[in-house]
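Each chain gets a letter, A, B and so on, in the order its sequence line appears, and its residues count up from 1.
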There are 2 protein chains.
Amino acid sequence: MLSEDTHPRTAPRRRLTPEDRRAAILDAAQVLFFAKGWDAVTVADVLAEARISKGGFYHHFSAKEDLLDGVVSRLAEQAVAAAEASRRQCEGDALTRFNAFLAATNRWKAERATELRFIADMIRRPGNELLLQRIDAAVRRAVVPALEAMIRDGAAEGRFDPPDPKLVAEAIVSLTISRREVLRDAIAAADAGAPEAAAARLGAHIAAETALVDRLLGLPPGSVHYCDPAEFGQMMADMACGHAAY
Amino acid sequence: MLSEDTHPRTAPRRRLTPEDRRAAILDAAQVLFFAKGWDAVTVADVLAEARISKGGFYHHFSAKEDLLDGVVSRLAEQAVAAAEASRRQCEGDALTRFNAFLAATNRWKAERATELRFIADMIRRPGNELLLQRIDAAVRRAVVPALEAMIRDGAAEGRFDPPDPKLVAEAIVSLTISRREVLRDAIAAADAGAPEAAAARLGAHIAAETALVDRLLGLPPGSVHYCDPAEFGQMMADMACGHAAY
DNA sequence: TTAAATACCGACCGTCGGTCTGTAATAGGG
DNA sequence: CCCTATTACAGACCGACGGTCGGTATTTAA
């Protein structure tokens with residue numbers, strides 16, 4: 001009734017399996033989200049990047065927000081799987097395994113320094129609240145149970161003495177999440193021309209953080225040690241060198 | 001050119017001072033946000049509730065998000081002012097004043113149980129991420145410096161022994177913020193018909209939380225005590241009785 | 001008294017998430 | 001191998017909503 005001719009197709013498009021198509025769209029979305037943020041990316045952008053039409057997109061995803069869940073939970077699963085693997089292949093007491101787990105998550109983050117750098121920038125910009133909230137939620141969902149189980153293990157072994165395993169797990173995750181803001185400020189400082197000061201501050205921060213975790217677990221100071229403060233500070237401050245262009 | 005007649009005005013409207021008009025719009029927005037959430041409230045809704053036009057609204061606020069900042073920072077300022085007042089009029093050592101401060105914030109929340117109840121419902125519903133994030137940010141902005149100052153005081157007095165005052169302050173605020181989710185679950189449980197179990201769980205939670213704060217501040221167990229766990233649990237569980245209709 | 005500034009009005013607009021109708025590609029039974 | 005059902009996809013269209021703009025009423029100041 002409305003279309004006289006309905007045949008100006010573009011190309012005879014090769015078809016992917018649903019899973020591959022879904023993954024391809026998620027890949028495109030991930031790149032765009034980390035580059036431009038949540039609000040700034042329209043579904044039209046994702047459509048162009050993934051080279052698919054509106055109809056095709058909404059065939060695989062029910063809404064724009066589905067992209068978030070997909071991207072974020074994929075990342076969180078990868079991170080926790082890596083950390084869990086590292087912990088499992090570690091022989092030693094509960095504390096040693098605990099440190100191995102946290103060290104692995106830090107390593108995972110270090111390997112993704114570029115994305116992290118983008119995230120650190122994004123949290124300053126409005127319109128990304130949803131993205132950040134979903135990242136935090138996914139991290140919590142994935143990490144808290146793992147931590148809680150390890151803490152219970154340690155308590156059963158008689159090494160940890162947490163007032164409440166779940167609450168302690170949540171507190172630890174909260175600490176690592178709010179580290180993001182410290183990192184952001186440090187990156188700003190490093191960009192402003194004081195990289196060594198930023199590195200020192202980050203090192204001091206991670207030292208204080210591990211001291212807090214000692215206390216939360218009822219351990220003597222210096223028990224928890226999943227990274228070298230100086231190294232950590234330097235590594236994070238180095239992130240500021242590679243600049244992001246929007 | 002496009003409007004033949006431009007005179008069908010509605011009413012000769014009394015004019016308010018800019019501050020009063022702004023406050024009136026904020027009042028309307030606050031009611032709506034806590035009743036329906038962020039995404040569900042359109043500026044048109046606010047316009048109707050505040051009985052003002054689009055043009056008038058955008059004369060006082062630059063964007064819908066300005067409403068959030070206004071509403072949220074107003075609330076946070078009120079809360080902290082109340083808590084600070086309570087602390088100042090308290091004679092005693094740093095720990096006593098600390099407890100007075102936290103007790104006052106709890107009392108302030110209890111007085112606003114209705115709004116809190118709405119918030120506890122809202123965090124389940126999508127579209128409120130921005131609202132919640134802003135509330136958290138405002139709470140952090142307002143409370144962390146106050147806590148940090150008190151912790152430094154206590155450390156100077158030789159009573160507290162925090163590894164890092166600012167970090168400890170942030171950890172404490174993180175704990176109180178994440179309490180929201182515990183409260184949400186408890187309310188759900190109470191609504192589902194197990195109010196006494198919910199009260200018990202809330203009591204246990206706040207007990208564990210204060211124990212954590214003891215440790216963070218380097219105090220012996222039982223030092224921090226800003227509410228009675230049983231009372232707190234009961235009070236919060238009671239909130240579930242009054243139901244919210246959307 | 002009058003001109004400038006301020007408060008306010010409401011029609012209009014652009015963008016963007018989401019829908020709908022219809023078509024090409026695949027799967028499967030005969 | 002054809003024919004049909006189903007799935008994957010295309011793209012025009014829509015409605016909602018945040019925000020703008022030209023204009024009008026009210027207040028202030030000179």
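Counting heavy atoms from C-beta on, the side chains of B/Trp38 and B/Met122 never come closer than 4.5 Å.
A salt bridge is absent between B/Arg184 and B/Asp121: the closest approach of a Lys/Arg side-chain nitrogen to an acidic carboxylate oxygen does not fall below 4.0 angstrom. Under a 4.0 Å N-O distance rule, the pair B/Glu84/B/Arg87 qualifies as a salt bridge. Using a cut-off of 4.0 Å between Lys/Arg side-chain N and Asp/Glu carboxylate O, A/Asp191 and A/Arg117 are scored as salt-bridged.
Contact between the side-chain N/O atoms of A/His59 and the OP1/OP2 oxygens of D/dA8 is found at a separation under 4.0 Å. In this structure, A/His60 does not reach the D/dT7 phosphate: none of its side-chain N or O atoms is under 4.0 Å from OP1 or OP2. Contact check, A/Arg21 against D/dA8: no side-chain N or O comes under 4.0 Å of OP1 or OP2.
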Taking only N/O atoms, report every protein-nucleotides 15-19 of chain C pair under 3.5 Å with atom names and distance.
| residue | atom | partner | partner atom | Å |
| --- | --- | --- | --- | --- |
| C/dG17 | OP1 | A/Lys64 | NZ | 3.2 |
| C/dG17 | OP2 | A/Val43 | N | 2.9 |
| C/dG18 | OP2 | A/Tyr58 | OH | 3.1 |
| C/dG18 | OP2 | A/Lys64 | N | 2.8 |
| C/dG18 | N7 | A/Lys54 | NZ | 3.0 |
| C/dG18 | O6 | A/Lys54 | NZ | 2.4 |

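Computed from coordinates, the A/Leu16 CG to D/dT7 P distance equals 18 Å when rounded to whole Å. One atom, CD1 of B/Ile52, and another, P of C/dA7, lie 11 Å apart when rounded to the nearest Å. Nucleotide C/dC8 holds its P atom 14 Å from the CZ atom of B/Arg51, rounded to whole Å. Rounded to an integer number of Å, the gap from A/Phe61 CZ to D/dC9 C1' is 14 Å. Atom C1' of nucleotide D/dG19 and atom CG of B/Leu67 are separated by 13 Å, given to the nearest angstrom.
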Throw together a table of side-chain donor-acceptor distances under 3.5 angstrom for residues 134-150 of chain A, partners on residues two or more places apart or in other chains.
| residue | atom | partner | partner atom | Å |
| --- | --- | --- | --- | --- |
| A/Arg134 | NH1 | A/Asp69 | OD1 | 2.8 |
| A/Arg134 | NH2 | A/Glu65 | OE1 | 2.7 |
| A/Asp136 | OD1 | A/Arg180 | NH1 | 3.0 |
| A/Asp136 | OD2 | A/Arg180 | NH2 | 3.4 |
| A/Arg140 | NH2 | A/Ser174 | OG | 2.7 |
| A/Glu148 | OE2 | A/Arg152 | NE | 3.3 |
| A/Glu148 | OE2 | A/Arg152 | NH2 | 2.8 |

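Considering CD of A/Glu209 and CG of A/Leu175, their distance stands at 5.0 Å, rounded to 0.5 Å.
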